[in-house]
Amino acid sequence: MAQNQQGKGQNKGGKEQTQDLNQLRRVRREKLAELVEAGMNPYEIVTYDQDTHSREIKENYDQYEGKEVSVAGRMMLKRVMGKASFADVQDRDGNIQIYVARDDLGEESYKRFKRMDVGDIIGVKGIVFTTKMGEISIHAKELTLLSKSLQILPEKFHGLTDTDIRYRQRYVDLIMNPEVKDTFIKRSRIISSIRRYLDAQGFLEVETPMLVENAGGAAARPFVTHFNALDEDKKLRISLELYLKRLIVGGLERVYEIGRVFRNEGLDMKHNPEFTLMELYQAYTDYNGMMRLTEDMYRHVAQEVLGTTKIVYKGNEMDLGEPFAKMTMTEAVKKYSGVDFDEIKTLEEARAIAKEKGVEYEERHAVGDILNLFFDEFVEEHLIQPTFITGHPIEISPLTKKDPENPGKVLRFEMYMNGWEMCNAYSELNDPIDQRERFKAQEALLAQGDEEANTTDEDFLNALEIGMPPTGGIGYGIDRMVMLLTGAETIRDVLAFPTMKSIKE
């Protein structure tokens, strides 16, 4: 069998193994040529009457026993034993064994089955029964080759473990590793659950541009591309914020979007340059309303997708059923670094304590920036249970309303779990005069070399001058949410096709 031949080849040197694989591929192409010459080109089949799946048969065996079914999928294992053989067929839901007997199938059909390879996609019609070993199976009465596999799958018992190949050839990863397929099924269920929750709250799902003139709404460096028809450069969006706020101005009181955004930054376990972001905006509420919505939505999604509000990730148990903790950024920094920024009155004092604690800062950084650096350095990793961090400095929040009781701070929160930032929410700044000044400050930072600073968006300012109601807004990192709910170790495990460095021939 081809699979067994490949298994032997894996014990040889790299050159010999390549020669073996090339020989196996040649054999498969020869088999295809024989089929085409005999007028049985599998690629000419355009449809197949599949009426059930493996899981449905296994979970409802009493209803299916003795009945004829039609299944289709990829042959993952084949055991030829003279006049009778067994094979495993993998479909959307899992695997099911088929029993193939020469006397039932016919001499010619049985010969064709014996010429089939692991990896071929087949259709099977037959009767559901249980073998003497107690395995639910299908007694094949008819077999159809639906697609010939010309490549060689990894050997079953070793699987596909090379992470680089797994990410580059996700299609093979999905075939060989059932838990990977489960992750992406669960990802789809998570996003569907979010949509159901928000739709029930009266939110309207919308779409906004990906190609933009001004990539604002977040601190990130954008990708730049050239639009030939207009002969001008465009940027890929880094956020969904500024267009969604325009819709709030237009009277759509509750809007959300789930979509890809693009940030020209590095790769690590939590970052990919294109990722899925959800932002929502609700008129006539504030960041406290966004806190309530966040708690409720996270509980809803976990309960609906996992059947529990308790999440265990690498040994850390997090309970979404409990009220989320709350701390100000200053309180958190004091708790975990021992430095009380409420006692720091000048930039010189902030710089001195940063040097003492080994926190690197840049010349352009103000006190609020240094507070945020302390938070990143000393606090994030400790925030395992769901926690709202509030009291952010104005310097790092250019689109947020000031706190009336503390003008140096803003009405904002970030929610953390497992030491990760999970979302970021504001009482949105709707004062066009203040917003213009904040944009000016961002332009100054850009001039000083901050490539992540925002630039002035005149059309957005015009929208604010038309008038935007008091609004609460929030952005969620969907990929990190999926990581937590599926136990994935890296963002690449929850992106079907993560960004990879090109292979140069």
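Atom set for the values below is all heavy atoms of this structure, side chains included, hydrogens, waters and symmetry mates excluded. Positions are given from 1 along the sequence.
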Hey, is the main chain of [Y] close enough, under 3.5 Å, to the side chain of [X] for a donor-acceptor pair?
X: Q303; Y: H300; result: no
X: T346; Y: E349; result: yes
X: T499; Y: P273; result: no
X: N177; Y: E179; result: no
X: T387; Y: L383; result: no
X: D479; Y: T276; result: yes
X: D182; Y: I185; result: no
X: H271; Y: D268; result: no
X: K58; Y: N95; result: yes
X: N60; Y: E56; result: yes

Aromatic plane relationship, F374 with F341 - under 30° parallel, 30 to 60° tilted, over 60° perpendicular: perpendicular
Flag the pair [X] / [Y] as yes when at least one side-chain heavy-atom distance between them is below 4.5 Å, and no otherwise.
X: D199; Y: Y256; value: yes
X: H226; Y: D231; value: yes
X: V255; Y: L280; value: no
X: I191; Y: I478; value: yes
X: I96; Y: D88; value: no
X: T390; Y: M291; value: yes
X: F378; Y: V359; value: yes
X: Y197; Y: D296; value: yes

Would you mind checking if [Y] and [X] are paired as a salt bridge, meaning a charged N to carboxylate O distance below 4.0 Å?
X: E331; Y: K335; answer: no
X: R438; Y: E443; answer: no
X: R246; Y: D457; answer: yes
X: K334; Y: D340; answer: yes
X: E241; Y: K245; answer: yes
X: R170; Y: D173; answer: yes
X: R195; Y: E205; answer: yes
X: E363; Y: R351; answer: yes
X: E274; Y: R263; answer: no
X: E395; Y: R364; answer: no
X: D91; Y: R74; answer: no
X: D162; Y: R166; answer: no
X: E414; Y: R412; answer: yes

Roughly how far apart are [X] [atom1] and [Y] [atom2], rounded to 0.5 Å?
X: F223; Y: L236; atom1: CZ; atom2: CG; result: 7.5 Å
X: I384; Y: W420; atom1: CD1; atom2: CH2; result: 10.0 Å
X: L445; Y: N454; atom1: CG; atom2: CG; result: 10.0 Å
X: R492; Y: N272; atom1: CZ; atom2: CG; result: 7.0 Å
X: Y361; Y: L373; atom1: OH; atom2: CG; result: 11.0 Å
X: L461; Y: I466; atom1: CG; atom2: CD1; result: 12.0 Å

Does the side chain of [X] pick up a donor-acceptor pair with the side chain of [Y] at under 3.5 Å?
X: T455; Y: N214; value: yes
X: S70; Y: Q50; value: no
X: E279; Y: Y281; value: yes

Worked check of side chain to side chain contact (heavy atoms under 4.5 Å, CB included) between R292 and T294: CA-CA 5 Å; R292 292 190 291 272; T294 297; over 6 Å; no
Please report the closest heavy-atom contact between [X] and [Y], naming both atoms and the distance.
X: M329; Y: P393; result: SD-CD, 3.8 Å
X: G216; Y: S239; result: O-CB, 3.4 Å
X: K186; Y: T486; result: CD-CG2, 3.6 Å
X: P404; Y: L411; result: CD-CD1, 4.3 Å
X: V172; Y: P154; result: CG1-CD, 3.7 Å

T208/E257 under side-chain hydrogen bond (donor to acceptor under 3.5 Å, both in side chains): CA gap, chis, key distance, verdict: CA-CA 8 Å; T208 60; E257 181 175 6; 2.5 Å; yes
Check against side-chain hydrogen bond (donor to acceptor under 3.5 Å, both in side chains), R25 and Q151: CA-CA 6 Å; R25 293 187 188 107; Q151 282 286 2; 2.7 Å; yes
Pair I389-H392, side chain to side chain contact (heavy atoms under 4.5 Å, CB included): steps then yes or no: CA-CA 8 Å; I389 296 295; H392 292 68; 4.1 Å; yes
Verdict with reasoning, F497 to Y171, per ring-ring contact (aromatic ring centres under 6.0 Å, His included): CA-CA 10 Å; F497 302 102; Y171 41 91; 7.8 Å; no
F388 ring center near F413 ring center (under 6.0 Å): yes
Derivation of the side chain to side chain contact (heavy atoms under 4.5 Å, CB included) call for V410 and K401: CA-CA 6 Å; V410 295; K401 274 193 174 184; over 6 Å; no
Steps toward side-chain hydrogen bond (donor to acceptor under 3.5 Å, both in side chains) verdict (D120, S149): CA-CA 5 Å; D120 288 351; S149 176; 4.9 Å; no
Chi angles and distances behind the side chain to side chain contact (heavy atoms under 4.5 Å, CB included) call for T285, T471: CA-CA 5 Å; T285 191; T471 298; over 6 Å; no
CA sep, side-chain torsions, deciding dist, call: D233, T225, side-chain hydrogen bond (donor to acceptor under 3.5 Å, both in side chains): CA-CA 6 Å; D233 286 344; T225 187; over 6 Å; no
